[in-house]
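Contents: one structure, followed by commentary.
Keep in mind the model is a prediction, meaning the values are calculated, not measured. Proteins get letters first, then strands, A, B, ... in listed order; numbering begins at 1 in each.
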There are 2 protein chains.
Amino acid sequence: MAVVSTTTPAAGSRDLPHPVRDDIRLEGVLHAFSDPMRLSIVRELAADGDELSCSHFDLPVTKSTTTHHFRVLREAGVIRQVYRGTAKMNGLRRDDLDDLFPGLLDTLLTAAARQSRRLGDG
Amino acid sequence: MAVVSTTTPAAGSRDLPHPVRDDIRLEGVLHAFSDPMRLSIVRELAADGDELSCSHFDLPVTKSTTTHHFRVLREAGVIRQVYRGTAKMNGLRRDDLDDLFPGLLDTLLTAAARQSRRLGDG
DNA sequence: CACGTACTACGATGCCTATCGTACGAACCG
DNA sequence: CGGTTCGTACGATAGGCATCGTAGTACGTG
């Protein structure tokens with residue numbers, strides 16, 4: 001323990017708006033997944049299984065654009081974002097998504113992996 | 001046989017461009033599904049199981065907009081369109097989609113139905 | 001051929017969005 | 001405090017897209 005109270009006093013100072021579980025819409029989730037950049041972000045998050053900082057991702061776009069994509073994912077309810085020090089950690093909202101749309105996340109990830117393999121870039 | 005040659009001589013006169021199976025992209029499919037209008041079209045097509053004419057659908061938009069949505073669905077590889085007389089018949093490309101992304105179509109349809117029930121409009 | 005039906009094509013409109021660059025804020029390190 | 005790293009905010013831009021209305025084409029029927 002003592003992680004939050006001592007080393008990260010700033011955690012929670014800047015907080016980000018997330019949609020409540022029941023406000024998550026399928027259309028929004030699918031729209032979030034329909035961008036190649038965001039799809040790769042989600043795949044990497046799922047592959048790692050834990051939280052990853054924004055800077056961990058090496059996307060072929062500028063940092064402002066990266067910020068934009070993470071915001072779209074958060075507002076669609078796909079990821080959960082939390083500040084930890086200067087870093088912003090990102091994690092999949094697997095629990096909520098599985099609850100709302102059982103099997104959807106895994107099916108999408110499988111489909112993405114399959115296509116990646118088929119196109120020869122995975 | 002003799003279906004094409006006798007009863008539908010016009011079938012094939014005006015032909016519509018469809019993507020080949022291997023050109024279907026997950027992002028495109030998800031984008032097609034991310035519009036409420038198109039989502040309801042696909043749900044109805046799946047519920048019926050067979051081909052339906054464009055005019056069968058009673059959407060809260062004009063006919064030009066309806067045409068637009070059907071084209072998006074076709075170009076994404078979600079549906080197959082064929083002229084039969086003056087009518088344009090629409091059918092899901094279930095075979096190709098299941099081949100490329102096993103389980104995706106059913107999972108999406110289930111998720112859509114579930115959300116519809118949850119929101120109380122299904 | 002004339003008419004009705006089914007769908008299209010085209011142009012317009014207004015909104016959304018992916019992208020960038022620059023300037024800024026917040027936290028950590030020395 | 002000064003510098004560095006991480007991420008944001010804002011404005012600009014260019015392209016995409018959902019929508020409409022009108023005019024037009026293809027087909028079937030009488």
D/dG7, OP1 or OP2 - any side-chain N/O from A/S55 closer than 4.0 Å?
yes
Residue-phosphate contact under 4.0 Å: B/R84 side-chain N/O, D/dC27 OP1/OP2
no
Would you say B/R74's side chain and B/P17's backbone share a donor-acceptor pair under 3.5 angstrom?
yes
Donor-acceptor pair between B/S116 and B/R43 side chains, under 3.5 angstrom
yes
Any side-chain N or O of B/H69 less than 4.0 Å from the OP1 or OP2 oxygen of D/dT19?
yes
Within the pair A/T62 and C/dC20, is there a side-chain N or O less than 4.0 Å away from OP1 or OP2?
yes
Just compare C/dA18, D/dC27, D/dG7 and give me whichever is closest to any side-chain atom of B/T86.
D/dC27
Interatomic distance, B/M37 CE vs D/dC17 P [rounded to whole Å]
16 Å
Could you tell me how far apart A/L16 (CG) and D/dC6 (P) are, to the nearest whole angstrom?
18 Å
Distance-only donor-acceptor test, B/S64 side-chain atoms vs D/dG21 base atoms, 3.5 Å
yes
Can a side chain N or O of B/T65 be found less than 4.0 Å away from OP1 or OP2 on D/dA18?
no
Hey, which of B/I41, B/L73, B/I79, B/D48 is the one that makes side-chain contact (heavy atoms from CB on, under 4.5 Å) with B/N90?
B/I79
Do you reckon B/L45 sits in the same ILVMFWY cluster as A/L30, going by side-chain contacts under 4.5 Å, direct or chained?
yes
Per atom distances to the B/T67 side chain, the nearest of C/dC7, D/dA18, C/dT19 is C/dC7
